[in-house]
Engineer: 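Starting off with a structure, shown below.
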Amino acid sequence: MKAVIMEAFGGVEVLKLGETEKPVPGEGQVLVKVFATSINRPDLVQREGKYPPPPGDSLILGLEVAGTIESLGAGVRGWKVGERVMTLVGGGGYAEFAVAYASHLMRIPDGMSFEEAACVCESYITAFLNVFMIGEFKDGQSAILHGGGGGVNTAAIQLCRALTPACKLIVTASPAKMERVREVGADFLINFHDTPDFTEVVKEFTNKKGVDLILDHVGAKYLAPNMNSLGYKGRLVIIGVISGIKAELNMALMMVKRQQIIGSVLRSRPVSEKGEIVVEFVRRALPKFADRTIVPIIEKVFTIDQVTDAHRMMEEDKHFGKIVLKIR
Ligand SMILES: NC(=O)c1ccc[n+]([C@@H]2O[C@H](COP(=O)([O-])OP(=O)(O)OC[C@H]3O[C@@H](n4cnc5c(N)ncnc54)[C@H](OP(=O)(O)O)[C@@H]3O)[C@@H](O)[C@H]2O)c1
């Protein structure tokens, strides 16, 4: 089968289109004929050799796919060959066929294209898991979402608007993306280039109360302003550490305000845990895609032979929302 092959780690130039063996689904798995996948920031980190796939998963890049079921592995019930599905994969998305666990499959709603479906699993499930399941975000509460123009955070804004319409969203963004972030659903915008310490503006916007939840992928640089901006019983959920991993924490303030800091990853969770997350996502979030309340935001669709351009676009932060790779 055709796939994006890497013979070495490095820059975009290591991504080459090549031929490799078609994978074989094991027990509880299905083979998906992939029509589209999408680029996620962790793919770039894996390409550089700093984010290996969990043991047993494909070495090929790609964390989510949309396509049709090509064949069923042993013990799979409730799914049929030919059904349109979207799914998380531990790796292997940048290829004509990928193996996925049946417990991670979601049926693509009618009217949703493969390109749109290829955006749902990694970004929206990451946002849903961390905002609603781990962050326990409720309607009427307030949150800070960092980097509002990215895949996970446009997804987080859309999910919050759809599932908790009365919430208040403070979103940090770079100047070029602020207007579009407002259109997606931010109530209050902070330009993170001008205002790396957002403590005072958040205090003012929340009448000194602070927010209930922060979804953060910036890490060290934002630990102090994040903690200063959290209210009583606030939750800081950390899903990335792009600015560094070490920072000073005022534990007394955290204790007195009964705040929580929670770290979270999706990819390396056990298969069964990811299955439980998918069940909850299907129950609460998928109906909002089916009725088009949420439509994935796609910056550009590249073909598989343009994979280097697709990675370059993300590396240069030129995208808003998702970048899709059309496989067939
Ligand atoms: N833990 C997990 O389970 C998990 C799963 C998936 C992704 N992630 C992490 O989540 C993050 C986002 O992933 P993605 O695929 O959505 O990537 P993405 O589309 O590239 O989004 C990254 C966003 O971060 C913004 N940003 C950069 N520096 C910032 C700063 N100092 N303050 C605020 N925002 C800043 C960028 O803004 P501009 O483009 O405007 O500069 C961009 O909008 C990555 O760190 C990724 O590793 C974690």
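Remember, it's 1-based here, ligands and their atoms both numbered in the order they're listed. Just so you know, these numbers use all the heavy atoms, side chains as well, and skip hydrogens, waters and symmetry mates.
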Engineer: Identify, with sequence neighbours excluded, every residue that meets salt bridge (charged side-chain N to carboxylate O under 4.0 Å, His left out) alongside Lys22.
Structural biologist: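 Once residues adjacent in sequence are excluded, Lys22 has no partner under the salt bridge (charged side-chain N to carboxylate O under 4.0 Å, His left out) criterion.
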
Engineer: Is it the case that Tyr94 and Asp43 place a side-chain donor and acceptor less than 3.5 Å from each other?
Structural biologist: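 Yes - a donor-acceptor pair under 3.5 Å links their side chains.
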
Engineer: Quick one: table the atom pairs, ligand 1 N or O against protein N or O, below 3.5 Å, distance rounded to 0.1 Å.
Structural biologist:
unit_1: ligand 1; atom_1: 1 (N); unit_2: Ile239; atom_2: O; d: 3.1
unit_1: ligand 1; atom_1: 1 (N); unit_2: Ser264; atom_2: O; d: 2.8
unit_1: ligand 1; atom_1: 3 (O); unit_2: Leu266; atom_2: N; d: 2.9
unit_1: ligand 1; atom_1: 15 (O); unit_2: Arg41; atom_2: N; d: 3.1
unit_1: ligand 1; atom_1: 16 (O); unit_2: Gly151; atom_2: N; d: 3.1
unit_1: ligand 1; atom_1: 16 (O); unit_2: Val152; atom_2: N; d: 2.8
unit_1: ligand 1; atom_1: 19 (O); unit_2: Gly151; atom_2: N; d: 2.9
unit_1: ligand 1; atom_1: 19 (O); unit_2: His319; atom_2: NE2; d: 2.8
unit_1: ligand 1; atom_1: 20 (O); unit_2: Arg41; atom_2: NE; d: 2.9
unit_1: ligand 1; atom_1: 20 (O); unit_2: Arg41; atom_2: NH2; d: 2.7
unit_1: ligand 1; atom_1: 20 (O); unit_2: His319; atom_2: NE2; d: 3.4
unit_1: ligand 1; atom_1: 24 (O); unit_2: His217; atom_2: NE2; d: 2.7
unit_1: ligand 1; atom_1: 31 (N); unit_2: Tyr222; atom_2: OH; d: 3.2
unit_1: ligand 1; atom_1: 32 (N); unit_2: Tyr222; atom_2: OH; d: 2.6
unit_1: ligand 1; atom_1: 34 (N); unit_2: Gly147; atom_2: N; d: 3.3
unit_1: ligand 1; atom_1: 39 (O); unit_2: Lys177; atom_2: NZ; d: 2.6
unit_1: ligand 1; atom_1: 40 (O); unit_2: Ser174; atom_2: OG; d: 2.3
unit_1: ligand 1; atom_1: 43 (O); unit_2: Gly147; atom_2: O; d: 3.4
unit_1: ligand 1; atom_1: 43 (O); unit_2: Gly150; atom_2: N; d: 3.0

Engineer: Decide, yes or no, whether a salt bridge links Glu19 with Lys2 under the criterion of side-chain N to carboxylate O below 4.0 Å.
Structural biologist: no

Engineer: Can you list everything that forms a side-chain hydrogen bond (donor to acceptor under 3.5 Å, both in side chains) with Gln306? Sequence neighbours excluded, please.
Structural biologist: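 Counting only residues at least two positions away or on another chain, Gln306 forms a side-chain hydrogen bond (donor to acceptor under 3.5 Å, both in side chains) with Thr303.
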
Engineer: Could you pull out every donor-acceptor pair under 3.5 Å between side chains of residues 222-232 and any protein atom, sequence neighbours left out?
Structural biologist:
unit_1: Asn226; atom_1: OD1; unit_2: His146; atom_2: NE2; d: 2.9
unit_1: Asn226; atom_1: ND2; unit_2: Asp216; atom_2: OD1; d: 3.4
unit_1: Asn226; atom_1: ND2; unit_2: Tyr222; atom_2: O; d: 3.2
unit_1: Asn228; atom_1: ND2; unit_2: Ala224; atom_2: O; d: 3.2
unit_1: Ser229; atom_1: OG; unit_2: Pro225; atom_2: O; d: 2.7

Engineer: So with a 6.0 Å cut-off around CD of Glu27, is the heavy-atom count from everything else above 12?
Structural biologist: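 No - once you tally the heavy atoms of other residues, nucleotides and ligands closer than 6.0 Å, there are 12 at most.
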
